[in-house]
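Since the structure comes first, as C-alpha cells, the remarks are kept for the end.
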Protein chains: 2
Amino acid sequence: MAINKSLLSGSTTLLILKLLEDKDMYGYQMIEVLTNRSDNTFSLKAGTLYPLLHNLEHQGMINSYDENTDSARVRKYYSITKKGKGMLAEKQNEWKAYTSFVNRILHGGVNFAKVN
Amino acid sequence: MAINKSLLSGSTTLLILKLLEDKDMYGYQMIEVLTNRSDNTFSLKAGTLYPLLHNLEHQGMINSYDENTDSARVRKYYSITKKGKGMLAEKQNEWKAYTSFVNRILHGGVNFAKVN
DNA sequence: TTCCATATATAGATTATCTACATATATATA
DNA sequence: TATATATATGTAGATAATCTATATATGGAA
C-alpha cells in the first residue's frame, strides 16, 4: 500500500471522521473534545475546521442537519456517511502504515539491519 | 508541551535528522534508504529533499562537505550538528506526543471516558 | 451594559510538499 | 557505438493544509 501524501499533513480529517463514527457532533464541539483529549496541547482552529467540514460534506463523506434547541441558537450537526466510513478505514490504515514506518526509523528494530 | 503544528506535515525533517544521527549521508542516499525502509510505500521526492537540506544547513542544524571519489562525480555529504541534535530531540518528543494523542482518539483507552 | 464564551463562516497568508524541468556523470544494453 | 537508464544535485512554479485575522450573532456573567 502506497502511503497517501495527504496523510502527512491531513490527519485532521482522520480525527474528525473518527469522532463522527462515535456520534453526531457539531463543529465547535469537535474542537472542544480534541482540545480536552490532548490535555490542551493540540487545538484545531475554527478557521481550519469549518472549511474542512464543508469540503467533506461536498465530497459526500458527512451529512449535516440543523438542530434547533429551544433557544434561537442553531447548532449544525454532522453525521458520517457510509462513504465516509470507507474513507475513515482507509485513512486509519494509512496512519498505521506511516507511523509504523517513522517509528521503525526512530527506534530501529528488525528491519534496521537492512543493508544500505 | 504544546505540539508544534509544523510536525503535522514536517515529519520529513525528523526523518532526515534521525538518519544523520546514525551516520553522515548524501541526499540521494537518504532517498534510497527511506524508500527501502518503507518497503517502497514511502518515497521522498528530490524536489522536496534538496531545498530542505539547504534550509537545515542555513539554520545550522547540519553541515555539508564534498567527498571526491576517484571518479569525477562529487557527492555532497551532510552531518548533523549539536544544534541539529537538539532539534532532533525536540521533534522526537513532539512526534511521540502527537501520535499518542491521535492513537488515543483512534483506539480509546483510559482517557476516552472523559466527559464531553 | 459590557465583556467573555459559544457558534459558524470566509479571506488571505504561510508553509510543506509535489511535479516538472535542468544539468551532468556512470553504467547497461541494443 | 549509440542510446537509454541510474545516479546525483538543483531550481521554479503549483498545489494543498493549515494558520491568522476578521466578521457576525447569541447566551450568560460580571
Side-chain angles (χ1 to χ4, degrees), chain A residues 2-17 24-36 40 42-59 62 64-78 91 94-95 98 102 116, chain B residues 2-17 24-36 40 42-59 62 64-78 91 94-95 98 102 116:
Chain A
I3 296 172
N4 188 340
K5 276 298 152 44
S6 72
L7 181 72
L8 310 189
S9 47
S11 47
T12 302
T13 298
L14 169 62
L15 292 170
I16 296 310
L17 292 176
D24 292 5
M25 295 180 76
Y26 57 96
Y28 195 83
Q29 186 184 12
M30 298 176 198
I31 291 172
E32 284 187 305
V33 169
L34 292 176
T35 300
N36 291 337
N40 298 297
F42 176 85
S43 77
L44 182 58
K45 301 302 179 298
T48 304
L49 178 62
Y50 291 110
L52 176 57
L53 289 173
H54 302 161
N55 190 41
L56 286 172
E57 187 175 24
H58 184 73
Q59 294 173 68
I62 59 179
S64 69
Y65 57 93
D66 288 340
E67 191 181 80
N68 289 50
T69 53
D70 46 355
S71 67
R73 167 157 295 172
V74 176
R75 284 171 176 164
K76 197 170 186 177
Y77 276 81
Y78 290 91
K91 285 195 168 286
E94 288 168 10
W95 168 262
Y98 185 65
V102 174
N116 310 307
Chain B
I3 295 173
N4 187 340
K5 275 299 153 45
S6 72
L7 181 71
L8 310 190
S9 48
S11 47
T12 302
T13 298
L14 169 63
L15 292 171
I16 296 310
L17 291 176
D24 293 4
M25 293 180 76
Y26 56 97
Y28 194 83
Q29 186 184 13
M30 298 176 197
I31 291 172
E32 284 188 304
V33 169
L34 292 176
T35 299
N36 291 337
N40 298 297
F42 176 84
S43 78
L44 181 58
K45 301 304 179 297
T48 304
L49 179 62
Y50 291 110
L52 176 57
L53 288 173
H54 302 161
N55 190 41
L56 286 172
E57 187 174 23
H58 184 74
Q59 293 172 70
I62 59 179
S64 69
Y65 56 94
D66 288 340
E67 191 181 79
N68 290 50
T69 52
D70 46 356
S71 68
R73 165 157 297 170
V74 176
R75 283 170 176 163
K76 197 169 184 177
Y77 277 81
Y78 289 91
K91 284 195 169 287
E94 288 168 9
W95 168 261
Y98 184 65
V102 174
N116 310 308

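Chain A is the first sequence line, chain B the second, and so forth, proteins listed ahead of strands; every chain is numbered from 1. Keep in mind that the numbers below use all heavy atoms, side chains included, and drop hydrogens, waters and symmetry copies.
The side chain of A/Glu32 has C/dA7 as its nearest neighbour among D/dC19, D/dG10, C/dA7. The side chain of B/Thr48 has C/dC18 as its nearest neighbour among C/dC18, D/dT7, C/dA7. Nearest to the side chain of A/Thr12, among D/dA8, D/dT18, C/dT17, sits D/dT18. Residue A/Tyr28 has its side chain nearest to C/dT6 when only C/dA9, C/dT6, D/dG10 are considered.
Protein atom CZ of A/Arg75 is 4 Å distant from nucleotide atom P of C/dA7, rounded to whole Å. If you take CG of A/Leu49 and P of C/dA9, they are 10 Å apart, rounded to a whole angstrom. Spacing between atom CG of A/Leu52 and atom C1' of D/dT18 amounts to 10 Å, rounded to whole angstrom units. Summarising the geometry, the separation between NE2 on A/His54 and C1' on C/dA9 is reported as 6 Å, rounded to the nearest angstrom.
Under the Watson-Crick and G-U wobble criteria, each requiring two contacts below 3.5 Å, nucleotide C/dA30 is paired to D/dT1.
At distances below 3.5 Å, not a single donor-acceptor pair connects side-chain atoms of A/Lys76 with backbone N or O atoms of A/Val74. When atom types are taken as modelled, the side chain of B/Glu67 and the backbone of B/Tyr77 share no donor-acceptor pair closer than 3.5 angstrom.
Looking at heavy-atom distances under 4.0 Å, A/Gly47 makes contact with a base.
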